Amino acid sequence: MIDVLYFAWVRERIGVPREKLDTTAVTVRDLIAELVAREERYELAFADLDSLRVALDQELSSFDAPLAGVREVAFFPPMTGG
Amino acid sequence: MIDVLYFAWVRERIGVPREKLDTTAVTVRDLIAELVAREERYELAFADLDSLRVALDQELSSFDAPLAGVREVAFFPPMTGG
Amino acid sequence: MKLQVQAEPFDLGAESNAFAAGVLGAGAVVTFTGLVRDNGGALAAMEIEHYPGMTEKAIAAMMDQAMVRWSLADALVIHRYGRLAGGEAIMMVATASRHRADAFAAAEFLMDYLKSRAPFWKKELSADGAEWVAARDEDEAALGRW
Amino acid sequence: MKLQVQAEPFDLGAESNAFAAGVLGAGAVVTFTGLVRDNGGALAAMEIEHYPGMTEKAIAAMMDQAMVRWSLADALVIHRYGRLAGGEAIMMVATASRHRADAFAAAEFLMDYLKSRAPFWKKELSADGAEWVAARDEDEAALGRW
């Protein structure tokens with residue numbers, strides 16, 4: 001089981017701020033493919049990966065990073081703090 | 001008659017903050033030559049022109065600038081504000 | 001070093017005074033404050049979302065890097081989240097160093113990283129509705145100078 | 001635009017708050033504060049001499065230039081003269097703009113010009129006696145970037 005978190009408009013499109021998933025995905029990209037195959041709201045949220053960022057256990061990461069050992073995956077748009 | 005002002009260590013070496021001078025000097029450099037010829041304290045103050053700055057009527061200027069029409073000349077070391 | 005991520009407003013003046021009072025060895029203090037902008041007339045409100053946990057970690061790492069790279073006497077970051085009214089301070093950064101070049105560079109570095117690498121997202125609320133603020137290409141490009 | 005050359009202490013916090021409150025259209029406020037440094041242990045005192053009249057003119061000209069060059073929403077300069085104790089604020093600069101790059105650049109520009117082109121001279125007073133602060137080559141060189 002892995003915690004998946006969504007922020008900003010990703011959260012709004014998917015409709016929940018977080019969920020627990022049972023996945024066999026090897027990489028972040030695999031996990032996204034699983035989600036997109038599930039429901040349209042995921043397809044909508046993950047339509048353009050260039051406008052998305054991912055953090056693994058709260059560290060910015062790449063979509064090709066392996067999920068082995070990861071407990072928390074977060075998807076969000078580019079940050080706009082400051 | 002021209003007002004001549006001195007600041008910081010220039011003032012300390014010359015011993016007065018300002019004085020009125022009757023001069024026929026054409027440029028700042030001429031005025032300095034007149035002063036240096038007068039008394040040792042001026043010689044001491046004007047020994048190294050590279051470490052001095054001059055303002056004519058409160059505008060930074062050069063030692064070769066003409067004095068015609070100038071009412072206030074000020075000599076001082078490089079500024080150290082801020 | 002002080003790092004606060006909070007929903008509550010903060011007092012820019014009080015924070016600036018407290019910061020300056022604590023850095024007697026340093027001669028230079030720089031602060032940056034981000035305010036909710038008035039977008040052409042009507043004051044906008046803003047909703048800021050963040051990623052609790054990651055936010056603090058990411059900012060602390062940036063501050064550690066800045067402290068070492070510019071031998072700062074001290075650094076401070078305060079960033080708010082939640083609902084903010086027009087004119088309110090969103091966040092502030094303060095840096096202190098012996099000479100001004102270091103404090104300026106470190107404050108700009110922290111701002112560039114905070115903008116693009118700390119997990120905050122701004123939503124502008126106006127009479128026309130709510131809109132997520134898009135990241136600016138200049139902000140991403142600014143990271144290239146460090 | 002506010003320019004004050006004064007003997008009296010000023011309150012960095014109060015000035016920062018008042019400045020930020022007056023620039024609702026701007027999103028970015030930068031302040032720089034110069035403090036009397038503690039030189040390795042004992043707090044130094046400082047005596048600052050200036051050239052009344054020229055000081056105000058020179059600073060106002062710098063501020064006018066900054067306002068235009070970076071389309072600032074506002075700018076502020078306060079600079080003290082006379083006797084200052086260790087830890088006291090010597091001067092401050094504040095700038096406000098829509099985006100942060102302008103406020104940072106304008107604040108650095110004003111500082112570079114204030115350092116080397118505003119007629120102030122600092123004398124450090126310590127247990128060893130009094131000494132005029134020498135101009136730093138870096139400060140003169142810094143003007144070259146503008």
Side-chain angles (χ1 to χ4, degrees), chain A residues 1-21 23 27-28 31-32 35 40-82, chain C residues 3 5 32-37 46-62 77-82 84 89-93 107-124 129-143:
Chain A
M1 293 290 276
I2 198 164
D3 282 309
V4 187
L5 282 65
Y6 310 108
F7 292 97
W9 58 253
V10 183
R11 172 180 53 70
E12 289 177 341
R13 288 190 195 172
I14 292 174
V16 294
R18 62 158 65 216
E19 56 191 330
K20 277 196 184 298
L21 293 178
T23 177
T27 67
V28 176
L31 175 64
I32 293 172
L35 290 167
E40 204 188 343
R41 57 192 173 109
Y42 292 104
E43 208 180 322
L44 214 66
F46 291 105
D48 176 18
L49 288 194
D50 282 347
S51 65
L52 283 183
R53 302 287 180 267
V54 62
L56 300 184
D57 289 333
Q58 308 191 348
E59 294 274 354
L60 274 179
S61 193
S62 86
F63 293 113
D64 295 313
L67 289 177
V70 169
R71 286 169 307 166
E72 189 173 294
V73 180
F75 294 105
F76 42 77
M79 289 95 144
T80 54
Chain C
L3 164 57
V5 180
F32 175 90
T33 310
L35 304 168
V36 180
R37 254 198 303 265
M46 193 168 262
E47 181 79 34
I48 300 177
E49 186 167 331
H50 80 124
Y51 183 171
M54 179 172 169
T55 309
E56 292 79 357
K57 263 193 251 180
I59 299 176
M62 292 166 203
V77 172
I78 301 174
H79 204 303
R80 294 178 63 192
Y81 59 86
L84 280 77
I90 300 166
M91 50 79 61
M92 75 175 284
V93 155
E108 291 206 65
F109 166 88
L110 285 172
M111 283 310 305
D112 286 351
Y113 273 82
L114 273 167
K115 275 270 167 193
S116 306
R117 292 291 180 269
F120 290 102
W121 300 275
K122 286 181 187 149
K123 195 177 203 174
E124 270 174 0
E131 198 168 352
W132 289 102
V133 173
R136 296 164 70 231
D137 290 342
E138 302 95 292
D139 286 333
E140 188 63 31
L143 294 177

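Chain letters run A, B, ... following the sequence lines, proteins first, then strands; residues in each count from 1. Predicted model, so just to flag it, every value in this text is computed and none were measured.
Looking at C:R117, both its backbone and its side chain come within 4.5 Å of chain A, counting heavy atoms on both sides. Using a 4.5 Å cut-off between heavy atoms, A:A8 contacts chain C through both its backbone and its side chain. There is no contact between C:A61 and chain A, counting heavy-atom distances below 4.5 Å. At a 4.5 Å heavy-atom cutoff, the contact between A:P77 and chain C is made by backbone and side-chain atoms alike. The contact between C:I90 and chain A is made entirely by side chain atoms (from C-beta outward), counting heavy-atom distances below 4.5 Å.
Heavy-atom neighbours of C:D137 CG from other residues, nucleotides or ligands within 6.0 Å: at or below the threshold of 12. Other residues, nucleotides and ligands place more than 12 heavy atoms under 6.0 Å from the CD atom of C:E138. Remark: A:R71 CZ is loosely packed, at most 12 non-hydrogen atoms of other residues, nucleotides or ligands lying under 6.0 Å away.
Minimum interatomic distance between A:T80 and C:V133 (heavy atoms only, all atoms of both residues): CG2-O, 3.4 Å.
The list of salt bridge (Lys or Arg N to Asp or Glu O under 4.0 Å) pairs with a residue in residues 47-63 of chain A, not counting sequence neighbours, is empty.
Across C:K122, C:R80, C:M91, the residue that shares the most heavy-atom pairs under 4.5 angstrom with chain A is C:K122. Per-residue counts of heavy-atom pairs under 4.5 Å with chain C were compared for A:P17, A:S51, A:P78; the largest is that of A:P78.
In this structure, A:L60 and C:M54 have side chains that are in contact, with non-hydrogen atoms separated by less than 4.5 Å. C:E49 is not listed as a side-chain neighbour of A:F76, based on a closest heavy-atom distance of 4.5 Å or more.
Every residue meeting the ring-ring contact (aromatic ring centres under 6.0 Å, His included) condition with C:F32, not counting sequence neighbours, appears here in chain and number order: D:F104.
Taking the six-membered ring where the residue is Trp, C:W121 and A:F7 present parallel rings, their angle staying beneath 30° rather than reaching 60°.
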